Amino acid sequence: RTPLDQFLFKEWAEDDDVVAFSKRSGDTHLLSPLPLALLALLGQSPETSRSLFDKLTAELTQIEPEDALELIETTLIQLQDIGLVTRSSP
(Lines give C-alpha, C1' and ligand atoms only; values in the text may rest on other atoms or scores of the structure.)
Protein backbone atom coordinates (compact mmCIF):
# COMPACT_ATOMS: atom_id res chain seq x y z
CA ARG A 1 0.00 0.00 0.00
CA THR A 2 1.26 3.46 -0.85
CA PRO A 3 -0.71 6.54 0.26
CA LEU A 4 -1.50 8.91 -2.59
CA ASP A 5 -0.23 11.89 -0.62
CA GLN A 6 3.29 10.62 -1.34
CA PHE A 7 2.81 11.69 -4.97
CA LEU A 8 2.29 14.81 -7.00
CA PHE A 9 0.21 14.24 -10.14
CA LYS A 10 0.02 16.21 -13.37
CA GLU A 11 -2.50 15.47 -16.10
CA TRP A 12 -3.34 17.14 -19.37
CA ALA A 13 -6.87 17.43 -20.75
CA GLU A 14 -5.98 15.98 -24.14
CA ASP A 15 -4.24 12.86 -22.77
CA ASP A 16 -5.29 9.87 -20.63
CA ASP A 17 -1.80 9.45 -19.19
CA VAL A 18 -0.70 11.11 -15.95
CA VAL A 19 2.76 11.99 -14.69
CA ALA A 20 3.34 10.97 -11.07
CA PHE A 21 6.22 12.39 -9.03
CA SER A 22 7.16 10.34 -5.98
CA LYS A 23 8.05 12.66 -3.09
CA ARG A 24 9.73 9.73 -1.36
CA SER A 25 12.09 8.63 -4.16
CA GLY A 26 12.22 11.76 -6.32
CA ASP A 27 11.37 9.65 -9.38
CA THR A 28 8.86 10.66 -12.03
CA HIS A 29 6.66 8.07 -13.76
CA LEU A 30 4.29 8.21 -16.74
CA LEU A 31 1.15 6.26 -15.80
CA SER A 32 -1.57 5.02 -18.10
CA PRO A 33 -5.15 4.73 -16.81
CA LEU A 34 -4.87 1.19 -15.33
CA PRO A 35 -1.82 1.80 -13.10
CA LEU A 36 -3.34 5.11 -12.05
CA ALA A 37 -6.64 3.40 -11.11
CA LEU A 38 -4.73 0.73 -9.16
CA LEU A 39 -2.75 3.39 -7.28
CA ALA A 40 -5.95 5.24 -6.42
CA LEU A 41 -7.59 2.09 -5.01
CA LEU A 42 -4.45 1.02 -3.15
CA GLY A 43 -4.11 4.51 -1.72
CA GLN A 44 -7.43 3.96 0.07
CA SER A 45 -6.73 0.51 1.53
CA PRO A 46 -4.71 -2.65 0.94
CA GLU A 47 -6.26 -4.87 -1.73
CA THR A 48 -5.68 -8.24 -3.35
CA SER A 49 -5.39 -8.51 -7.11
CA ARG A 50 -8.78 -10.25 -7.11
CA SER A 51 -10.48 -7.47 -5.14
CA LEU A 52 -8.93 -4.90 -7.48
CA PHE A 53 -10.25 -6.89 -10.43
CA ASP A 54 -13.73 -6.94 -8.88
CA LYS A 55 -13.66 -3.16 -8.40
CA LEU A 56 -12.37 -2.46 -11.91
CA THR A 57 -14.51 -4.96 -13.84
CA ALA A 58 -16.72 -2.26 -15.34
CA GLU A 59 -13.67 -0.46 -16.75
CA LEU A 60 -12.05 -3.58 -18.21
CA THR A 61 -14.92 -4.65 -20.46
CA GLN A 62 -12.79 -4.97 -23.60
CA ILE A 63 -10.60 -7.67 -22.04
CA GLU A 64 -11.52 -11.27 -21.20
CA PRO A 65 -11.85 -11.70 -17.40
CA GLU A 66 -8.89 -14.08 -17.05
CA ASP A 67 -6.75 -11.73 -19.16
CA ALA A 68 -7.87 -8.72 -17.09
CA LEU A 69 -6.87 -10.40 -13.83
CA GLU A 70 -3.49 -11.31 -15.31
CA LEU A 71 -3.04 -7.73 -16.55
CA ILE A 72 -3.79 -6.39 -13.07
CA GLU A 73 -1.32 -8.80 -11.48
CA THR A 74 1.37 -7.89 -14.02
CA THR A 75 0.74 -4.17 -13.52
CA LEU A 76 0.98 -4.57 -9.74
CA ILE A 77 4.35 -6.30 -10.13
CA GLN A 78 5.54 -3.45 -12.36
CA LEU A 79 4.35 -0.85 -9.84
CA GLN A 80 6.13 -2.77 -7.09
CA ASP A 81 9.33 -3.05 -9.17
CA ILE A 82 9.51 0.73 -9.61
CA GLY A 83 8.69 1.35 -5.94
CA LEU A 84 5.21 2.86 -6.30
CA VAL A 85 3.51 0.15 -4.25
CA THR A 86 4.63 -2.32 -1.65
CA ARG A 87 3.41 -5.83 -1.05
CA SER A 88 1.74 -6.45 2.29
CA SER A 89 2.45 -9.64 4.17
CA PRO A 90 -0.52 -12.04 4.20
Side-chain angles (χ1 to χ4, degrees):
R1 177 175 190 239
T2 303
L4 287 181
D5 63 357
Q6 292 185 17
F7 300 97
L8 296 174
F9 296 98
K10 175 66 178 165
E11 59 185 310
W12 290 264
E14 66 276 354
D15 198 354
D16 289 338
D17 295 337
V18 172
V19 173
F21 173 76
S22 171
K23 296 178 194 177
R24 188 173 44 120
S25 70
D27 293 333
T28 302
H29 305 278
L30 180 63
L31 302 176
S32 61
L34 178 59
L36 186 60
L38 294 174
L39 272 181
L41 290 170
L42 292 169
Q44 297 171 15
S45 65
E47 301 280 352
T48 65
S49 56
R50 183 65 197 196
S51 67
L52 290 166
F53 168 80
D54 292 341
K55 290 179 179 183
L56 293 172
T57 298
E59 298 171 34
L60 299 173
T61 57
Q62 298 169 338
I63 304 172
E64 291 296 321
E66 58 275 356
D67 294 336
L69 182 57
E70 183 178 334
L71 179 60
I72 288 171
E73 290 171 345
T74 300
T75 303
L76 287 171
I77 291 168
Q78 292 169 340
L79 290 172
Q80 185 177 348
D81 288 348
I82 60 175
L84 295 185
V85 298
T86 57
R87 180 181 282 274
S88 298
S89 300

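Everything numeric here is computed off the predicted structure, so don't read it as measured data. Start at 1 with the first residue, then count along the sequence.
Taking all atoms of both residues into account, the shortest heavy-atom contact from His29 to Ile82 is ND1-CD1, 3.6 Å. The minimum heavy-atom distance linking Pro35 with Thr75 is given by the pair CG-CG2, 3.8 Å. The minimum heavy-atom distance linking Phe53 with Ala68 is given by the pair CE1-CB, 3.7 Å. Here the closest heavy-atom approach between residue Asp5 and residue Lys23 is recorded as O-NZ, 3.1 Å. When every heavy atom of Ile72 is checked against every heavy atom of Ser49, the shortest pair comes out as CG2-O, 4.1 Å. The shortest non-hydrogen separation linking Gly26 to Phe21 is O-CE1, 3.3 Å.
Between Leu52 and Leu42 there is a side-chain heavy-atom pair separated by less than 4.5 Å. A 4.5 Å side-chain heavy-atom check between Ser22 and Leu8 finds every atom pair outside the cut-off. For the pair Val85 and Leu38, the minimum side-chain heavy-atom distance is 4.5 Å or more.
Following chains of ILVMFWY side-chain contacts shorter than 4.5 Å, one cannot reach Leu34 starting from Ile77, and the two form parts of different hydrophobic clusters. Hydrophobic cluster membership differs between Leu39 and Val19, with clusters built from Ile, Leu, Val, Met, Phe, Trp and Tyr side chains linked at under 4.5 angstrom. Both Trp12 and Leu30 belong to a common hydrophobic cluster when Ile, Leu, Val, Met, Phe, Trp and Tyr are linked at side-chain heavy-atom distances under 4.5 angstrom.
With rounding to the nearest 0.5 Å, the separation of CD in Glu47 from CG in Leu76 is 10.5 Å. Separating the OG1 atom in Thr48 from the CD atom in Glu73 is a distance of 9.0 Å, to the nearest 0.5 Å.
In the displayed structure, Glu11 atom CD is contacted under 6.0 Å by at most 12 heavy atoms of other residues, nucleotides or ligands.
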